[in-house]
Structures are given as C-alpha cells and as structure tokens.
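Since the model is a prediction, treat every value here as computed from it, not as a measurement.
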There are 2 protein chains.
Amino acid sequence: MKSSDIALLRSAVRDVTDFPSMGIVFKDITPLLSDAALFRLTVDAVTETIEGQGVTKIIGIDARGFIFAAAAADRLGLGFVPVRKKGKLPWRTESTEYDLEYGSNCVEIHADAVIPGERVWLVDDVLATGGTAAAAAELVKRLGGELAGMTFLMELEFLRGSRRLPENIPVASILTF
Amino acid sequence: MKSSDIALLRSAVRDVTDFPSMGIVFKDITPLLSDAALFRLTVDAVTETIEGQGVTKIIGIDARGFIFAAAAADRLGLGFVPVRKKGKLPWRTESTEYDLEYGSNCVEIHADAVIPGERVWLVDDVLATGGTAAAAAELVKRLGGELAGMTFLMELEFLRGSRRLPENIPVASILTF
C-alpha cells in the first residue's frame with residue numbers, strides 16, 4: 001500500500017480523550033468505516049497482508065475485529081471464525097483466560113471452528129497489550145490449527161503488545177501509534 | 001438467489017438446545033461463516049437485497065450484524081456504521097432505550113454517523129422480537145437519515161418482530177424459521 005494511502009487512513013483516526021476512562025486517549029476508527037472510500041482502502045490494506053499466505057480461514061475477534069475480518073474473508077474467498085467473550089458462542093467451545101491490569105478476561109472459540117492442520121490468519125482492530133490476541137492464538141493452537149499470521153489495523157506501540165504474541169509468526173500492523 | 005442455495009444455507013444453520021437459557025433453541029450461524037463457499041453465498045444473498053437501492057452506508061448491529069454488514073458494505077463500495085450497546089462508542093452518541101421481556105436495553109450510534117438526508121440500509125443477523133432493529137431505525141431517524149430498508153439473515157417468524165419495525169420500509173429475510 002502506498003504511504004500516502006496509509007497517511008490518509010491515519011489522519012482519519014479520531015482521538016477521543018478520557019475514553020473509556022479519564023486520562024486515556026482512545027483511537028476512534030469509526031470515521032474510517034463510515035466513509036466508503038476509506039473503508040475500502042482499509043480493507044485493501046488488511047487483505048494485502050493475507051493474500052498468498054495459503055490460509056483457509058480468518059479469525060476475527062469480538063466485536064470490532066469482526067468488521068475487518070469478515071470483509072477480508074469475503075474479499076479473499078475464505079471462511080470466517082469468530083473468537084468471542086465468554087458465554088456468547090452457543091455450541092461447544094474451547095476457552096482460555098488471560099490477565100488484565102485488574103482482573104482477567106476469557107475468550108472462546110467453537111470447538112469445530114478450526115480443523116487440525118488448517119492454516120488460519122487472525123485479524124483484529126487494535127494491538128494494545130496483546131492479551132486478547134495471544135489468547136486467541138492459544139485457542140487456535142489447542143484446536144490443532146496453524147496460525148500463519150496476524151493483522152491489526154492499529155498497533156499502540158508504547159504498550160509493547162507484540163512481546164506477548166507467539167514468536168516466529170508474522171504480525172502486520174497497518175497503522176502504528 | 002436460487003431456492004436450492006437458500007436451502008443449502010438453511011441446512012447449515014445449527015440448532016443448539018437450551019442456549020442462552022433452558023428451553024430455548026438457538027439458531028447457530030457459525031457453520032455458515034466458517035465454510036468459505038457458504039459464507040460467500042450468505043454475503044451474496046445479503047448484498048442482492050441492497051444492490052440498486054441507492055444507499056450510501058450500511059448500518060450493522062453489534063456484534064454478529066457487523067459480520068454481514070461489513071462484508072456487504074465492502075462488496076458494494078459503501079460506508080459502514082456500527083450501532084452498539086451503550087458505552088461502547090467513544091465519541092458523541094445518539095441513544096435510545098427499548099423494552100425487553102424483563103428490563104430494557106440501550107443502543108447507540110455516533111452523532112456524525114449519518115448525514116441528514118442520507119439513505120442507509122440496516123443489516124443484522126436475526127430478526128427476533130424486533131426491538132433492536134426498531135431502536136436502530138429510530139436512531140437513524142433522529143440523525144435525519146432515511147432508512148431505505150433492512151436485511152436479516154434469519155427471521156424467527158413466530159416472534160412477530162416485523163410488527164415492531166417501521167411501516168413502508170422493505171424488510172428482507174434470507175432465511176425464515
């Protein structure tokens with residue numbers, strides 16, 4: 001993707017101060033979504049990182065990750081698999097907990113979502129502390145799948161989330177802050 | 001869409017008994033998503049209902065609605081707007097409450113998500129009681145937008161949700177149960 005296009009996407013991300021709590025500056029991607037040209041460009045950028053990687057499914061993380069993962073899966077003719085917060089998936093699940101600054105969180109995947117040996121790719125909107133992505137990677141591994149790589153629309157580099165991700169797997173971040 | 005394709009999609013929906021609570025049979029669409037051919041066919045069916053309607057954006061409802069709304073927006077070259085549960089959208093919002101069997105729920109839209117006079121289309125995975133869709137329609141109206149129609153992957157007809165939706169707006173349900 002051209003650097004001018006990346007700059008265009010970057011400039012459309014909106015800073016919202018004190019969300020979700022005081023002192024935090026939230027990166028709001030909804031202006032990227034609601035503009036047809038920017039949304040197309042965003043999905044272009046995500047799919048470019050996945051093309052030719054020989055994967056059969058894209059794993060999207062609840063809820064904003066669904067947006068890019070689903071659009072990319074449709075563009076590339078792949079299957080889509082949701083990873084969701086605990087209690088949201090109706091059938092048999094594999095689940096894993098991970099630590100937050102205060103407390104813990106739990107994500108789940110359907111037990112039949114990935115076939116043993118299948119190569120899949122993970123997509124989410126933001127790489128922050130890396131806890132959710134690392135947990136999703138663990139779920140793919142437990143089902144016997146091969147995680148071929150991960151793509152994030154944004155990476156908040158100061159949180160060093162990439163250090164929590166599995167080694168030797170390509171990680172693409174379209175925008176870095 | 002051919003009736004044989006509809007039958008194919010229908011047969012891939014999985015009944016999960018006693019979810020989310022005892023006595024309820026949940027229609028699980030994840031088998032439709034994880035299979036590349038079925039996912040493509042599903043997005044084909046959704047986009048067919050929106051093509052040529054002269055809309056500029058697709059409104060997707062948190063969280064499963066995002067999957068089909070985002071893929072359809074990308075296919076059709078439209079913008080994507082999320083309607084989310086209370087407290088999830090970071091910027092200024094318009095919000096509305098609606099009644100549930102016990103208690104109430106609240107959904108929100110960003111105040112700048114729809115421009116006055118803009119024609120938009122709503123997409124969600126399931127039309128059940130119609131409460132969420134009616135609330136989302138109200139949000140579009142409050143922003144001055146024109147809701148041109150709604151598409152649901154599934155309609156649970158025995159819940160008569162279509163009676164709660166605005167009159168004189170086309171409603172398409174790909175699968176009915």
Side-chain angles (χ1 to χ4, degrees), chain A residues 14-20 24-40 42-44 47 56-60 62-82 84-85 87-92 109-110 112-115 118 120, chain B residues 14-20 24-40 42-44 47 56-60 62-82 84-85 87-92 109-110 112-115 118 120:
Chain A
R14 174 164 58 190
D15 281 349
V16 180
T17 53
D18 298 328
F19 184 88
I24 294 179
V25 178
F26 188 87
K27 297 288 180 191
D28 176 17
I29 59 167
T30 60
L32 277 181
L33 306 174
S34 64
D35 181 285
L38 294 177
F39 182 51
R40 172 155 284 183
T42 305
V43 181
D44 287 347
T47 52
T56 51
K57 286 172 186 163
I58 297 187
I59 315 283
D62 194 348
R64 283 185 301 265
F66 288 0
I67 300 165
F68 309 104
D74 183 56
R75 279 247 201 132
L76 297 169
L78 305 173
F80 169 86
V81 169
R84 302 205 66 180
K85 285 146 199 154
K88 294 285 187 179
L89 288 170
W91 199 64
R92 293 202 306 273
I109 195 169
H110 267 158
D112 65 346
V114 175
I115 299 162
E118 192 170 26
V120 300
Chain B
R14 174 164 58 190
D15 281 349
V16 180
T17 52
D18 298 330
F19 184 91
I24 294 179
V25 179
F26 188 86
K27 297 289 181 190
D28 175 18
I29 58 167
T30 61
L32 277 181
L33 306 174
S34 63
D35 181 287
L38 294 178
F39 182 51
R40 172 154 285 182
T42 305
V43 181
D44 288 347
T47 52
T56 51
K57 286 172 185 162
I58 297 186
I59 314 283
D62 193 348
R64 282 186 301 265
F66 288 0
I67 300 166
F68 308 105
D74 183 57
R75 280 246 203 133
L76 297 169
L78 305 173
F80 168 86
V81 169
R84 302 204 66 179
K85 284 145 200 155
K88 294 285 186 180
L89 289 170
W91 199 64
R92 293 203 306 274
I109 195 168
H110 267 159
D112 65 346
V114 175
I115 299 162
E118 192 170 26
V120 302

* **Region of A:Arg75 in contact with chain B, defined by heavy-atom distances below 4.5 Å** => both

* **OG1-CD1 distance between B:Thr30 and A:Ile109, expressed to the nearest 0.5 angstrom** => 10.0 Å

* Structure fact -> Heaviest contributor of heavy-atom pairs below 4.5 Å to chain B, chosen from A:Ser34, A:Ala63, A:Ala71, is A:Ser34

* Identify which of A:Gly77, A:Ala113, A:Pro20 forms the greatest number of heavy-atom pairs closer than 4.5 Å to chain B. =>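 Looking at each of A:Gly77, A:Ala113, A:Pro20 in turn, A:Gly77 comes out on top.
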
* Would you please name every residue forming a salt bridge (Lys or Arg N to Asp or Glu O under 4.0 Å) with A:Asp35, sequence neighbours left out? =>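 Counting only residues at least two positions away or on another chain, A:Asp35 forms no salt bridge (Lys or Arg N to Asp or Glu O under 4.0 Å).
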
Using non-hydrogen atoms and a 4.5 Å limit, figure out which bit of [X] sits close to chain A: side chain, backbone, both or neither.
{"X": "B:Pro90", "value": "both"}
{"X": "B:Asp18", "value": "neither"}
{"X": "B:Ile67", "value": "both"}
{"X": "B:Phe19", "value": "side chain"}

* Looking at A:Ala73 and B:Phe39, what are the two nearest heavy atoms and their distance? ->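 Heavy-atom minimum between the residues: CB-CE2, 3.9 Å.
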
* To do: Grab the two heavy atoms, one from A:Ala36 and one from B:Leu78, that are nearest each other, plus how far apart they are.
  => CB-C, 3.6 Å

* **side-chain contact (heavy atoms from CB on, under 4.5 Å) against A:Pro31, all qualifying residues, sequence neighbours excluded** => A:Arg14, A:Asp28

* Asked: Per the side-chain contact (heavy atoms from CB on, under 4.5 Å) rule, which among A:Val43, A:Asp44, A:Thr42 passes with B:Asp74?
  ->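 The side-chain contact (heavy atoms from CB on, under 4.5 Å) with B:Asp74 is passed solely by A:Val43 among A:Val43, A:Asp44, A:Thr42.
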
* **Side-chain heavy atoms of B:Lys88 within contact of A:Arg64, under 4.5 Å** => no

